[in-house]
Amino acid sequence: MSECIFCRIVNGEAAASIVAETAGALAFMDINQPVPGHVLVIPKAHIQDIYALDAATGAEVFALTIEVAKAVKAALQADGLNLLQANERAGQQDVFHFHMHVMARYTGDRDRVHLGWHPHLPARAELDALAERIGSLMDAPDRADEMGRAGAERIGAEFSADRAAEEMLAVLAEVANSASG
Ligand code: AMP
Ligand code: ZN
């Protein structure tokens, strides 16, 4: 028997309240309903996270997610809706089988559902440096050059040392300057 709870649901070995399915994707109710209308959409294949997801499977999962979102909205007369998706422990992933959360939202439900992050509006140069760094690795995420890897490690080290995001971005700007200079 699989150790993965979502694989067990796919295989019919664990209970689930199924909403819909396609050849390669399954939608079922999350056991946790902070507000009514929290559905998970998964690939039937065991795919750990976004990094392991191929485009075709991702497209099938997302197509089902769109249909589920419209059905949740209609069925529950939701006032709004969120899509959420978590990767790795730091990204607050708890079940390591890729899943989209479809979460109905209702006016006045913010005591039950908390989404948010602290505002930080960096200078354009810092935004440009981030865009340049991320964009340069779009086609080759595994081939970060030595300069890039060193920069990423420094950014990671600074941040995991529990520094504020402002400081992380300052390091990024410094790395971008030293790379271009
Ligand atoms: P995440 O934290 O993004 O990995 O989300 C995992 C989700 O899976 C949580 O919302 C859990 O409530 C949900 N979950 C865990 N076990 C089950 C289960 N057996 N059936 C349905 N949902 C589950
Ligand atoms: Zn699985």
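Just follow the structure's listing: the first ligand is 1, and inside any ligand the first atom is 1. Values below: every heavy atom of this structure, side chains too, minus hydrogens, waters and symmetry copies.
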- Task: Specify which N/O/S atom of His97 comes nearest to the Zn ion (ligand 2), by atom name.
- Result: ND1

- Message: For the Zn ion (ligand 2), give me the closest N/O/S atom belonging to His46, just the atom name.
- Response: ND1

- Task: For the residue pair Leu83 and Val102, establish whether any side-chain heavy-atom pair is separated by less than 4.5 Å.
- Result: yes

- Query: Hey, is the main chain of Gly37 close enough, under 3.5 Å, to the side chain of Gln33 for a donor-acceptor pair?
  - Reply: yes

- Donor-acceptor contact present, side-chain Gln92 to main-chain Arg89, <3.5 Å: no

Could you check ligand 1 for N or O atoms lying under 3.5 Å from protein N or O atoms and list the pairs with distances?
{"residue": "ligand 1", "atom": "2 (O)", "partner": "Gln92", "partner atom": "O", "Å": "3.3"}
{"residue": "ligand 1", "atom": "2 (O)", "partner": "Asp94", "partner atom": "N", "Å": "3.4"}
{"residue": "ligand 1", "atom": "2 (O)", "partner": "Asp94", "partner atom": "OD2", "Å": "2.8"}
{"residue": "ligand 1", "atom": "3 (O)", "partner": "His99", "partner atom": "NE2", "Å": "2.8"}
{"residue": "ligand 1", "atom": "3 (O)", "partner": "His101", "partner atom": "NE2", "Å": "2.7"}
{"residue": "ligand 1", "atom": "4 (O)", "partner": "Asp94", "partner atom": "N", "Å": "2.7"}
{"residue": "ligand 1", "atom": "4 (O)", "partner": "Val95", "partner atom": "N", "Å": "3.0"}
{"residue": "ligand 1", "atom": "4 (O)", "partner": "His99", "partner atom": "NE2", "Å": "2.9"}
{"residue": "ligand 1", "atom": "5 (O)", "partner": "His99", "partner atom": "NE2", "Å": "3.0"}
{"residue": "ligand 1", "atom": "5 (O)", "partner": "His101", "partner atom": "NE2", "Å": "3.2"}
{"residue": "ligand 1", "atom": "10 (O)", "partner": "Asp30", "partner atom": "OD1", "Å": "3.2"}
{"residue": "ligand 1", "atom": "10 (O)", "partner": "Asp30", "partner atom": "OD2", "Å": "2.5"}
{"residue": "ligand 1", "atom": "12 (O)", "partner": "Asp30", "partner atom": "OD1", "Å": "2.6"}
{"residue": "ligand 1", "atom": "22 (N)", "partner": "Ile31", "partner atom": "N", "Å": "3.3"}

- Message: Can you list everything that forms a side chain to side chain donor-acceptor pair (under 3.5 Å) with Gln93? Sequence neighbours excluded, please.
- Response: none

- Message: Rounding to 10°, state the angle centred on the Zn ion (ligand 2) that links SG in Cys4 with SG in Cys7.
- Response: 120°

- Item | Ring centroid separation His101 to His99 under 6.0 Å | yes

Validation: residues 5-16 side-chain donor-acceptor distances under 3.5 Å, sequence neighbours left out:
{"residue": "Arg8", "atom": "NH1", "partner": "Ser2", "partner atom": "O", "Å": "2.9"}
{"residue": "Asn11", "atom": "ND2", "partner": "Cys7", "partner atom": "O", "Å": "3.2"}

- Task: With sequence neighbours left out, write down each residue that passes salt bridge (charged side-chain N to carboxylate O under 4.0 Å, His left out) with Glu21, or none if nothing qualifies.
- Result: Lys44

